[in-house]
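Scroll down for the structure; my scribbles are underneath it.
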Amino acid sequence: MPQAPPSNSRIAEALDELGDLYELDGAVIHRVLAYRNAATVVRDAPVSVAALTSAGRVTELAGIGATLEQKIRDLIETGDIPAAVKLRTRFPAGLLELTHLPGLGPKRARRLFDELGIDSPQALREAAQAQRLRSLRGFGAKFEEAMLEALADAAPRPRARRTTLDRALAVGEQLLGALRELDPAARIELAGSSRRRAESVKDLDVVLDNPELLDRVGSLELIESASRTSAGAATARTHNGVRVELRAVAPEQFGNLLQHLTGSARHNAALRERAVRAGLHVSEYGVLDDATQTTRTFAGEEELYGALGLRYIEPELREDRGEIEAAAAGALPKLIELDDIRGDLHTHTTASDGTTTIAELALAARERGHAYLAITDHSATHGFGNEVSPDQLRRQIELIHEADAEIDGIRLLAGSEVNVLPDGRLDYDDELLAALDWVIASVHTAFSIGSEAMTARVLAAASHPLVDALGHLTGRMIERRAPYAIDVDAVIAACADSGTLLEINSSPRRRDLNEVHARAAAAAGVGLLINSDAHSPAGLDALRYGVWTARRAWLGPEQVLNTLEWPALERRLKRHR
DNA sequence: GCCGTTTTCGGCCCGACTGTTTTCAGTCG
C-alpha cells in the first residue's frame, strides 16, 4: 500500500538519527556533519523534499549528493533507511539519548557503553552514584557530578524551554535603553538570535564598546544579579529569568564581534569556509589574511562583509539558507519593512474575545498609520463562549459600517474569522458570508483528527469561493504546542490554484505560517498577508513579529498583499476575479 | 559524505572552556 510521502521534518529526523548512529560507530566527523547539514537543509527546504526526490532533483539542494539521495529514496519507498536499521541493532536507543546530555558527547558515551555497558540514562545514573565512572582513564569525580546534574535537569523537562522573542525583547529593549542612559555615546547592540528575530531565544547577547558598562549592569533595576566573567565580558540575569551575556570590545573591532555573536552558527561556518578559499580567516577578533599575515578589524559589519566580497546581509537572513551565495552574486532580495504594511486584516473586539470596541481599535490602527482595518471576530462555534451568532454578526456588520462612516482617515472592513468545522464546513451560510467585506478562515478545535482529515478539512475551506484567506494555518504555539498534523504543501498548492491567500499570523506566540512555509508559499505564487490577530489596541503592535517572519522568509513587499491599498488588494481577491 | 577561482582527490571555520592532564581530547557555541 502506498504510504503518504514523509514530510521534510520526518526526513530530517531520520538523517539526524543516522548521523548520530554513524558518530557512535566512529565515522570521521565530516561524514557525520554531512548528515547533520543535510538534515538542516531538508528541514529548511521551501519545497517538499519527498516530491523533489521523486522528481530526481533532490541533489539540487546544497549538501545532498548521490549517497544521501539514495538514503532519502529508501526512506520514501520503504519507510526506513537500511543503514539505520543495521546500526540500531548495535547501539540501543538509550545510548543515543545519552549523547544528547549536556557534557556528554559521542566519544565518551561510546566508551561508557564499551567499557562499562552503560546503555541508558538510568544505567548512567546508577554508575555515577556508585562512583564507577572514575575507574575509567580520563573520567573523574567532577564528571560523575556533572552527569548526575545533567540527568536531574533532563528528567522533569525534556529540554530547557526557550523564551519567545517578545518576552526576550521586552527585556532586551529595556536593558539597551537603560545602558544607553548610563552612556549615551556608547554603541550598544543586541546580537544573537534576538537580533536575527528568531521565534525563540535561549538568552540575550549584548555587544557594547564601553567596558565600564559591564560593571554597572548589576545596578540596573531590571537585573536580579550580574557578575564579571572576564575583562571583556559579564553575565547577568533579569528578575523574570532571562539570561544576558554582555561583551565589550574596542570600537574599531565592534563589527567583528557583532557579526560573530549575531551568528547563526551555520551562517558563520559557511561564511568562514568561503573566506578560507580566498585565503582569509574570519574570527570574532578580525580577518587574518594569509598573503600579508595581517589581521584587519572593522568598526561595522558592512565593511566586514565587504572585505569578504559580499553585500551586507540582513541579520534575519543569516541562517545559511543561500544568503551568502546571493550576497556574493549581488542577488539578495529587498526585504519587506513594517512601514510597507498598509492595513491589518485580522483583529478582534468585545464582540468576541477582544478587549476593545470597534471605534477604539479603529483609532489605534489609524494612529499606527493603517489605511484600513478588518474587524474579524470569532464565528458561531469558536467554542470558548465568546462567539458571534449569525444574528449578532448581522448587527456587527451594521456597527462596523456605522463606525466606518463616523471615523475619518481609515477604512473599516466588516469581516469574520470563520471557524472551519472538522468536516470542512464553515460556521455561517454563504448568504451571510457574502455580506462581509472580508473572510478569513481558521481552525480552532479538533486538532487531533490526523493529517489526512485535517488536510481535507482545510482544503475544503480554501476552495470555498467566499474564503479570502486562511488564518494561522498550522495552529502551533511556539515552545508550547506543536503544529497539528497537516499537509502544508498540499494546502499551498491548493491556495496557489484557487487564489486563496495565506496569513502570516504575527502573534509572537504563533508566527504561523513559519518562515519556511511562508517562503514556500511565496515561491508557489501564493499571496501572503501579515496580520496582527490583535485582541486589544496594543495587540496591533504585534505586526513587527509577522514582518520579521516574512523577512526571515526572504519576502519583499510585493509578495505581501496588505502592502497594497485596500482597493488594489480587493481587486486581487478571488471573489472579485 | 560533499564539493570545486585547490574540479574527481584532499580537504572540510574558529575559538573558549573543562576536566583530567603534564600536552590534550572532548564538548560547546
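Values below: every heavy atom of this structure, side chains too, minus hydrogens, waters and symmetry copies. The chains referred to below are lettered A, B, ... by the order of the sequence lines, with proteins before strands, and numbering in each begins at 1.
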For the pair made of [atom1] in [X] and [atom2] in [N], what is the distance, rounded to whole Å?
| X | N | atom1 | atom2 | answer |
| --- | --- | --- | --- | --- |
| A:Glu145 | B:dT20 | CD | C1' | 14 Å |
| A:Leu112 | B:dA25 | CG | C1' | 15 Å |
| A:Arg108 | B:dC24 | CZ | P | 18 Å |
| A:Glu149 | B:dG19 | CD | P | 11 Å |
| A:Glu245 | B:dA16 | CD | P | 15 Å |
| A:Arg137 | B:dT22 | CZ | C1' | 11 Å |
| A:Arg277 | B:dC12 | CZ | C1' | 10 Å |
| A:Glu69 | B:dC3 | CD | C1' | 16 Å |

Donor-acceptor side-chain pairing of [X] and [Y] below 3.5 angstrom:
| X | Y | result |
| --- | --- | --- |
| A:Gln253 | A:Asp209 | no |
| A:Gln122 | A:Arg125 | yes |
| A:Asp166 | A:Thr164 | yes |
| A:His100 | A:Asp20 | yes |

What's the gap between [N] and [M] when it is taken at their [atom1] atoms, as a whole Å value?
| N | M | atom1 | value |
| --- | --- | --- | --- |
| B:dT5 | B:dG11 | C1' | 16 Å |
| B:dG15 | B:dG10 | P | 26 Å |
| B:dC17 | B:dT23 | P | 22 Å |
| B:dT21 | B:dG29 | P | 24 Å |
| B:dT22 | B:dC14 | P | 28 Å |
| B:dT20 | B:dT27 | P | 13 Å |
| B:dC3 | B:dT7 | C1' | 9 Å |

**Asked** In terms of the angle between their ring planes, are A:Tyr305 and A:Tyr312 parallel, tilted or perpendicular, with boundaries placed at 30° and 60°?
**Response** perpendicular
**Item:** DNA chain B contacts made by residues 278-290 of chain A, counting heavy atoms under 4.0 Å
**Value:** A:His281, A:Val282, A:Ser283, A:Tyr285
**Prompt:** In residues 14-42 of chain A, which ones come under 4.0 Å of DNA chain B, going by heavy atoms?
**Reply:** A:His30, A:Arg31, A:Ala34, A:Tyr35
Which part of the nucleic acid, if any, lies within reach of [X] when heavy atoms closer than 4.0 Å are counted: base, sugar-phosphate only, or nothing?
| X | value |
| --- | --- |
| A:Ala146 | nothing |
| A:Ala233 | nothing |
| A:Leu271 | nothing |

**Asked** For the side chain of A:Lys71, counting heavy atoms from C-beta on, which of B:dT27, B:dG1, B:dG19 is nearest?
**Response** B:dG1
**Request:** Measure from the side chain of A:Lys107, starting at C-beta and using heavy atoms only, and say which of B:dT6, B:dC14, B:dT27 lies closest.
**Result:** B:dT27
**Message:** One pair to check against side chain to side chain donor-acceptor pair (under 3.5 Å): A:Arg195 and A:Thr262. What are the steps and the verdict?
**Reply:** CA-CA 7 Å; A:Arg195 181 161 180 250; A:Thr262 297; 2.8 Å; yes
**Request:** Tell me which of A:Ala269 and A:Gly105 sits closer to the 5' end of DNA chain B, going by the nucleotide each one is nearest to.
**Result:** A:Ala269
**Message:** I want to confirm an ordering. Mapping A:Pro102 and A:Leu61 to their closest nucleotides on DNA chain B, which one lands closer to the 5' end?
**Reply:** A:Leu61
**Request:** Count the heavy atoms of every other residue, nucleotide or ligand shown that sit under 6.0 Å from CZ of A:Arg36, and state whether that count exceeds 12.
**Result:** yes
**Item:** Atom CD of A:Glu252: over 12 foreign heavy atoms under 6.0 Å
**Value:** yes
**Matching residue for A:Arg196 among A:Arg552, A:His267, A:Glu316 - test: side chain to side chain contact (heavy atoms under 4.5 Å, CB included)** = A:Arg552
**Fill in**
pair_partner(B:dT8), Watson-Crick or wobble, both distances < 3.5 Å, evaluates to none
**Asked** Would A:Asp487 and A:Ser451 count as a side chain to side chain donor-acceptor pair (under 3.5 Å) if you check the C-alpha gap in whole Å, the side-chain angles of each, and the deciding distance to 0.1 Å?
**Response** CA-CA 6 Å; A:Asp487 184 346; A:Ser451 179; 6.0 Å; no
**Asked** Cation-pi between A:Arg134 and A:Phe143: NZ/CZ under 6.0 Å from ring centre and within 45° of the ring axis?
**Response** no
